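Step one of this worksheet: look at the structure below.
All values derive from a computational prediction rather than experimental measurement. Just so it is clear: chains get the letters A, B, ... in the order the sequence lines come, proteins before strands, and each one is counted from 1.
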Amino acid sequence: MPALPIHTHLPALRAALKEQPIVILQAPPGAGKSTVVPLELLHEPWLRGQKIVMLEPRRLAARAVAARMAAQLGEALGQTVGYRVRFESQVSPQTRLEVLTEGILTRWLQRDPGLEGIGLVIFDEFHERSLESDLALALVRQVQALLREDLRLLLMSATLEAKGLSAALGEAPVLQAEGRQYPVELHYLPKDPEGPLPGTVAAGISRALSEARGDVLAFLPGVGEIARTQAILAERHPEVLIRPLYGDLPLEAQQAALLPDPQRRKVVLATSIAETSLTIEGIGVVVDSGFARASRFDPGSGLPRLETVRVTRDAADQRAGRAGRLGPGVAYRLWSEPTQRGLLAQRPPEILEADLTPLLLTLAAWGIREVNELSWITPPPPGAIRQAQALLQTLGALEGGGLSPRGEQMLEWPTHPRIAHLLLESRSLGLQALAADVAALLEERDPLPRAAGADLDLRVQALRQWRAGQRGEAGGLKRLERLAQEWRRRLGTDVDNRAPDPYATGLLLAQAYPDRVAQLREGSRTRYRLSGGRGVRLSEEDPLAGSGWLVAAHLDAGNEEGRVFLAAPVHPEELKPLAQTVEAVGWDAKAGALIARQELRLGQVLLESQPLQHLSEARRVAILLEVVRSEGLELLPWSEALRQWQARVLSLRSWRPQEGWPEVSDAGLLEGLEAWLGPWLGGISRREGFQRLDLGPILTGLLSWEQQRRLDELAPTHLEVPSGSRIRLTYSPEGSPPVLAVKLQELFGLADTPRVNAGRTPVMLHLLSPAQRPIQITQDLRSFWQNTYPEVRKELRGRYNKHPWPEDPWSAEPTRKTHRRGR
DNA sequence: CTCTCCCT
């Protein structure tokens, strides 16, 4: 075995693992850690003959690493060294070292939480911080703490963040190994470029072609930029071979980009797929646009959103490192040095940006109610947790905070909970064969070009036609069929190659995506509203445009409106079993009317609505009372007399606090609304109905007979004055003395201020002129006659000469008339 | 104008 840098660190690593439950090995790419370390540890005494498991983030890597190690032992795969990825494994009873993709371990743990027979779990490429590796680590650490103190964990990481990681893991020891990478000379731009990216990258590539040697690898964010850059370069450098490279490219085209061309110099225009997943031979120069596309889960809508973001420092280093695999290389970074200093060190761990539905289902199966029962390096964010819980609830996977029987069934299917639910439901719908095809298509890359539009049914057709015999390699259909075959096997169903029913496809999609049922908006052919609440759009040319109802499987949350990439039409009647019957009962404030409808709803989307047959009186009254509470007592038909009644009762309440007069202020009435108003609301269903209430008797009912009698006696509505007039009193709710507004002439002969409240409360006299103008306000009539009247008389006598102004008011005849017509 | 990558 050739000596790799890692070999010098092996004694320290052995010693650390002997003592420590968790060890971190930091080694850059090329140090040989993935293939050397597991084999070297296989015979450690502390393993006590138990197996080693190593986790890889990608299937390709799991197979390749296992194969390299088997070759080093001179064995076939599946002897001492084996691997497992979904639906594929090479292991035997002799296997002592198993390389797994990360998710496989999580599934193992469900069945065997003690990890029996395993002595060491190695996390390779841990710095990538995939959702699965964070979850696997959290679970395995709990196993270690509760059941398996002897279990050892080794985290292998390529980046320099080992210190922070160590701190998060109880000061786990960190070993650092050197890499075996050739130096890469870095070039920055004097300032950040402006204008469209393809032009900038094309210029960078021209410079790389003239200044450096070897093939060129350029990193761009996505397919659009790659195509535009290719167009510019093809004109400028006809002598160079240009190859695009991205995940959606057919396999043959990908391979063409990987191999060197013997005749021509090659430029590969790649997405971030070439950072780690694919290695290109013969690259001498890297040109890095500095941008990448990243998917972020939007917890608000439950939809992913694709964003163009600046690369992080570790990604930029990884990109540049691609030029230093065979010899010293060069990398052109198309940004400035100040910008470089501002780059984020690493991408945020996936757990912060991903859909957490699968994670939450796993946790529920693990019996975890509260995510922080586990030790996380980065705890999952609350918004995404809530969204995942809501979705699992909708899919019927949860029950009383734990896993439901359906949730348990879902876990038996190695796929996203949405798709597991679709597969399970296909049985009762009698659509198993179609479900197998649909599930495969939902998981894999789209076999058709984007121009084909969003119709999922076209994909089912393509898969079925391919299967029926007109086979070619195009579009990864073979891969799709392998997957579909697995689902058919598990569903116990046969191939069906007939033309599919697009509405059946839509019905299946609705099982997986009940939150993505889309109803066409009125007056539009492309704009839809999702049951989950968001607005989404199809492209104008899409053959599905104009369909009234769709279920969207793949979409992008977008900014204001989302975009649909994959969908199928659906009959709304077929959605009824998924929908919820909701009683829409309440008050439409705008229309001023009671609403009582029974609605069949799928989230925000209304399937059906009909008047509610039985609205209980209690509910109706409760709603109406709430309306009064929110709109106020002014909704009721108050008259001046009733407001006075209210003020009279309140006056007595304040004058005679011991007597138990009721609290009939507006606030008090609102407080006790149910009791006094509730029984009268029977027939009301519109705002006008309140105005037809007979409020007088309703309010009077608040007083006992005795109180009603005493009210009239103690706080009469009117008083008779010497002239014989019955004059209205005006009470105030605060209980200040009631006002008696009366023409002065009507009081002649009266010595003292009239009183109410059994003689205890003198009224407030507003003495008026014959023209009803106030002359004086007083509670002391005697003093008025004595002190003020002579002056008033002098002043007004001339002006109102038809009225009597006797010198002696004490003995004058009271009158409401003028002189002449006086008796 | 506008779909990165990966996985049970």
Side-chain angles (χ1 to χ4, degrees), chain A residues 55-62 84-89 100-111 125 128-136 139 196-198 219-228 245-249 254 270-278 289 291-297 303-312 315 318 347 350-351 353-355 357-359 361-362 365 410-420 423 439 442-446 448-451 454 483 486-487 490 537 539-540 553-559 561-566:
Chain A
L55 305 185
E56 290 291 333
R58 283 167 287 280
R59 293 177 202 152
L60 202 73
R84 289 177 202 262
V85 299
R86 184 173 67 159
F87 300 143
E88 182 186 335
S89 67
L100 318 177
T101 34
E102 289 156 349
I104 297 269
L105 184 76
T106 321
R107 298 282 160 151
W108 265 15
L109 284 165
Q110 323 259 333
R111 254 165 256 148
E125 314 278 10
E128 290 189 16
R129 298 293 304 280
S130 71
L131 179 60
E132 287 287 358
S133 68
D134 270 23
L135 172 61
L139 295 177
L197 210 54
F219 285 97
L220 290 119
V223 179
E225 292 89 345
I226 287 176
R228 272 168 267 151
L245 181 63
Y246 48 88
D248 268 344
L249 213 57
Q254 284 194 8
T271 61
S272 46
I273 194 172
E275 273 172 30
T276 50
S277 304
L278 297 176
S289 70
F291 288 91
R293 268 206 264 281
S295 174
R296 283 206 188 134
F297 184 70
L303 303 180
R305 173 183 288 127
L306 203 60
E307 293 174 347
T308 306
V309 295
R310 273 220 181 265
V311 282
T312 53
Q318 181 73 32
R347 264 206 74 171
E350 198 185 356
I351 201 168
E353 299 185 334
D355 167 24
T357 313
L359 176 131
L361 188 64
T362 304
M410 281 159 73
L411 275 169
E412 287 164 18
W413 295 77
T415 181
H416 191 283
R418 289 185 187 269
I419 296 174
L423 289 165
L442 292 177
E443 286 197 311
E444 286 294 313
R445 288 179 180 278
D446 190 349
L448 297 188
R450 206 168 312 148
L483 191 49
E486 283 292 339
W487 296 132
R490 285 171 181 249
R537 192 162 42 86
S539 85
E540 282 291 339
H554 291 175
L555 20 69
D556 185 279
N559 291 320
E561 240 177 359
R563 289 201 340 282
V564 177
F565 301 124
L566 203 58

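In this structure, the CD atom of Gln254(A) is 12 Å from the C1' atom of dC5(B), given to the nearest Å. Going from atom CG of Leu423(A) over to atom P of dT8(B) covers 16 Å, rounded to whole Å. Between Leu60(A) atom CG and dC7(B) atom P the separation is 8 Å, expressed in whole Å. Rounded to whole angstrom, the span from the CG atom of Leu555(A) across to the P atom of dT4(B) amounts to 16 Å. Distance, Trp487(A) CH2 to dT8(B) P: 10 Å, rounded to whole Å. Rounded to whole Å, the distance from CD1 on Ile273(A) to P on dC7(B) is 10 Å. For the pair Asn559(A) CG and dT2(B) P, the computed distance is 14 Å after rounding to whole Å. Here dC7(B) presents its P atom at 19 Å from CG of Leu109(A), a figure rounded to the nearest Å.
A sub-4.0 Å separation between OP1 or OP2 of dT8(B) and a side-chain N or O of Arg59(A) is present. Residue Arg305(A) has no polar side-chain atom (N or O) positioned under 4.0 Å from OP1 or OP2 of dT2(B). Phosphate proximity of dC1(B) to Arg228(A): absent, as no side-chain N or O sits under 4.0 Å from OP1 or OP2. The phosphate of dT8(B) has OP1 or OP2 within less than 4.0 Å of a side-chain N or O from Thr101(A).
At the heavy-atom level, Ser295(A) lies under 4.0 Å from base atoms of the strands shown. Residue-level contact check: Gly247(A) touches the backbone only, with heavy atoms under 4.0 Å from sugar-phosphate atoms and none from bases. Using a 4.0 Å heavy-atom distance criterion, Arg58(A) is classed as a sugar-phosphate-only contact. Nucleic acid contact class of Thr271(A) (heavy atoms, under 4.0 Å, all strands): sugar-phosphate only. Residue Ile104(A) is in sugar-phosphate contact alone, with no base atom involved, counting any heavy-atom pair closer than 4.0 Å across all strands shown. At a threshold of 4.0 angstrom between heavy atoms, the contacts of Tyr246(A) are confined to the sugar-phosphate backbone, with no base atom among them.
When the salt bridge (charged side-chain N to carboxylate O under 4.0 Å, His left out) test is applied to Asp248(A), the partners found at least two apart in sequence or on another chain are Arg445(A). For Gln110(A), the side chain to side chain contact (heavy atoms under 4.5 Å, CB included) partners are Thr106(A), Thr362(A), Ala365(A), Leu411(A), not counting sequence neighbours.
With values rounded to the nearest 0.5 angstrom, Leu306(A) atom CG is found 10.5 Å from Arg296(A) atom CZ.
Closest to the side chain of Val85(A), from the set dT4(B), dT8(B), dC5(B), is dT8(B).
A side-chain donor-acceptor contact under 3.5 Å links Thr271(A) to the backbone of Ile273(A).
Both Trp413(A) and Asp248(A) sit near DNA chain B, but only Asp248(A) has its closest nucleotide nearer the 5' end. For Val223(A) and Thr415(A), each mapped to the nucleotide of DNA chain B holding its nearest heavy atom, the one lying further toward the 5' end belongs to Val223(A).
The side-chain heavy atoms of Trp487(A) and Thr415(A), taken from C-beta on, include a pair separated by under 4.5 Å.
Looking at Thr308(A), Val311(A), Val309(A) one by one, the single match for side chain to side chain contact (heavy atoms under 4.5 Å, CB included) with Pro221(A) turns out to be Thr308(A).
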